[in-house]
There are 2 protein chains.
Amino acid sequence: MFVQNIIANLPLFNGLTQSQLEALASIIVDKPYEKGEMIFFEGTAAKGFYVIAQGRVKIYKSAPDGREAILHVFGPGEPFGEVAVFQGGTYPAHAVTVEKSRLLFLPREGLVSRISSDPALSLNMLAALSSRLRQFANKIEALTLKETPQRLAAYLVTASELKDGADTFTLDIAKGLLAGMLGTARETLSRALTKMAEEGMVRVEGRQITILDRDALEALASGLESL
Amino acid sequence: MFVQNIIANLPLFNGLTQSQLEALASIIVDKPYEKGEMIFFEGTAAKGFYVIAQGRVKIYKSAPDGREAILHVFGPGEPFGEVAVFQGGTYPAHAVTVEKSRLLFLPREGLVSRISSDPALSLNMLAALSSRLRQFANKIEALTLKETPQRLAAYLVTASELKDGADTFTLDIAKGLLAGMLGTARETLSRALTKMAEEGMVRVEGRQITILDRDALEALASGLESL
DNA sequence: CGAGCCGTTGATATCACTCAAACTACGTGG
DNA sequence: CCACGTAGTTTGAGTGATATCAACGGCTCG
């Protein structure tokens, strides 16, 4: 898969002409990463941002004692680290691969000028950041107002929606990671899942989830949007 | 104070020419609000966004039972509701004044075209959204990793920094609001403050705070950036 | 001067974090 | 093909921070 083919299909680069895409592709650095490899650390100077071609990346903050707050887990096609390009100049959090991955690096040089000269690109970026802000707002809402079972229910409902509303689907991240995304401990997540299974709302077989009572799930989540 | 003078000094409109500012000022709607007046509700269609000329605005989500998650409390000069202009078309949360205020409304019409035609404006907006994302990331970190006393310590340290590092300063929001911003209950905040005072870290006299042991405060906050 | 808003304090219940340990699934290398 | 190590997951028990309920005191504003 060539770089240009990848970026041609990304929402971020929607509306760009063929020649603009070519120019962009020519400055992109294509790099493979092993699972668990650090991409950048919070506070370090940013020379550009990344787009995921393949794999999965965890964006997180960490406490002195080693505990983590997971902000995102991004998958193929998603950009990350853009914030550092537009403000502050340093990455706001740590980034590490959670799978073997292939990342595209877009150097800051040239990007800023490209953005300011191309209306479509700047509006795409604004939309991307705005959408990110909505996600964060939802996450803050969930952390403040909801307890683990409700957050889990909201997650499962939207996970199902992302898989075209299928009742049975497979989690694409490990449960430990999911616990982190929900702002809770692995053990608490495990217990919450078990309880939901006992109550007949879902069936859990490893990473495969079957929603048995969608109404009950949605009632539990009550008002929580996608995380 | 005229609209044009206000917007001329905002970071958001930095780098605009005099004539651009005039054009902008001509489409702005200037409106007074009473304390406690709703500005918009989550999910309603957005016809534009706001800038605060005077007063203070609370941005929040609410649960069915009436509990609230406060995302921001904005003051003079700060914009809010921009997210809806760039993505989704609806406001992501509720907005209400917490003081008697004067707000400038910038209609969506014309704004989008202005942004795409003016590099400075689009880069300013990108920077503003990026900075907002950093704040949210810090908030999520605090909610996930830190307990109330630590969040409070971090808040006090940065509040002091915003007042040029003065040891004695005045909270510019009520303690109940502050509790909401820290994601905790009024009572818990009250107890945390009392305890910090007992331990000699701060002195509390109503809304006036004096930092007695900045090192201890910073050690408590340990790693938490501004909220 | 009364009403509401705000803040404090006390008592209680509970959720979830922590520590500890066993159990499973999986891939690798012998 | 099996043994082993590792990563991931689950279960149990104990503890602690905080939400919640309740009542009270002070302040402000009309």
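In the text below, chain A, chain B and the rest are named by the order of the sequence lines, each starting its count at 1.
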Peer 1: Send over the distance from B:Q208 CD to C:dG7 P, rounded to a whole Å.
Peer 2: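 After rounding, the gap between these two atoms is 15 Å.
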Peer 1: Would you mind checking if B:E68 and B:K58 are paired as a salt bridge, meaning a charged N to carboxylate O distance below 4.0 Å?
Peer 2: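 Yes, this pair counts.
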Peer 1: Could you tell me the separation between the CG atom of B:L177 and the P atom of C:dG7, rounded to a whole number of Å?
Peer 2: 9 Å
Peer 1: Report the distance from atom CZ of A:R191 to atom C1' of C:dA16, rounded to the nearest whole Å.
Peer 2: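 Rounded to whole Å, this separation is 9 Å.
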Peer 1: Give B:R67 one of three labels, base, sugar-phosphate or nothing, depending on what nucleic acid heavy atoms sit under 4.0 Å from its own.
Peer 2: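 Sugar-phosphate, no base atom in range.
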Peer 1: Please give, in whole Å, the distance from D:dT20 P to A:L145 CG?
Peer 2: 10 Å
Peer 1: May I have the distance from B:R186 (atom CZ) to C:dG10 (atom C1'), rounded to whole angstrom?
Peer 2: 15 Å
Peer 1: Rounded to the nearest 0.5 Å, what separates atom CE in A:M125 from atom CD in A:E82?
Peer 2: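 CD of A:E82 is found 4.5 Å from CE of A:M125.
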Peer 1: May I have the distance from B:L193 (atom CG) to C:dC6 (atom P), rounded to whole angstrom?
Peer 2: 17 Å
Peer 1: Do you see a donor-acceptor pair shorter than 3.5 Å between the side chains of B:T168 and B:R203?
Peer 2: no
Peer 1: Measure from CZ on B:R207 to P on C:dC6 and round the result to the nearest Å.
Peer 2: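 Between P of C:dC6 and CZ of B:R207: 9 Å.
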Peer 1: Ignoring backbone atoms, establish whether A:T194 has a side-chain N or O less than 4.0 Å from OP1 or OP2 of D:dT11.
Peer 2: yes
Peer 1: Quiz question: going by heavy-atom distance under 3.5 Å, is there a donor-acceptor pair between the base of C:dC17 and the side chain of B:E147?
Peer 2: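 Answer no: no donor N or O sits under 3.5 Å from an acceptor.
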Peer 1: What is the separation between atom CE on B:M196 and atom C1' on C:dT8, rounded to the nearest whole Å?
Peer 2: 17 Å
Peer 1: Report yes if at least one side-chain N or O of B:T188 is closer than 4.0 Å to OP1 or OP2 of D:dA17; otherwise report no.
Peer 2: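 No, B:T188 has no side-chain N/O under 4.0 Å of OP1/OP2 on D:dA17.
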Peer 1: Please state whether the phosphate of C:dT8, meaning OP1 or OP2, lies under 4.0 angstrom from any side-chain nitrogen or oxygen of B:K175.
Peer 2: yes
Peer 1: Check whether any side-chain N or O of A:S190 sits under 4.0 Å from OP1 or OP2 of D:dT9, and answer yes or no.
Peer 2: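 No, no such contact exists.
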Peer 1: Check every atom of C:dT18, C:dT8, D:dA19 against the side chain of A:A185 and return the nucleotide holding the closest atom.
Peer 2: C:dT18
Peer 1: Examine D:dA7: is either OP1 or OP2 under 4.0 Å from a nitrogen or oxygen in the side chain of A:K35? Give yes or no.
Peer 2: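 So the side-chain polar atoms of A:K35 never come under 4.0 Å of the phosphate oxygens OP1 or OP2 of D:dA7.
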Peer 1: Could you check whether A:G36 gets within reach of a base, just the sugar-phosphate, or nothing at all, counting any heavy atom under 4.0 Å?
Peer 2: nothing
Peer 1: Please work out whether the ring planes of A:Y33 and A:Y50 are parallel, tilted or perpendicular, with thresholds of 30° and 60°.
Peer 2: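 Geometry flag for A:Y50 against A:Y33: perpendicular rings.
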Peer 1: Is B:E99 paired with B:K35 through a side-chain N to carboxylate O contact shorter than 4.0 Å?
Peer 2: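 Not counted as a salt bridge, because no side-chain N and carboxylate O are separated by less than 4.0 Å.
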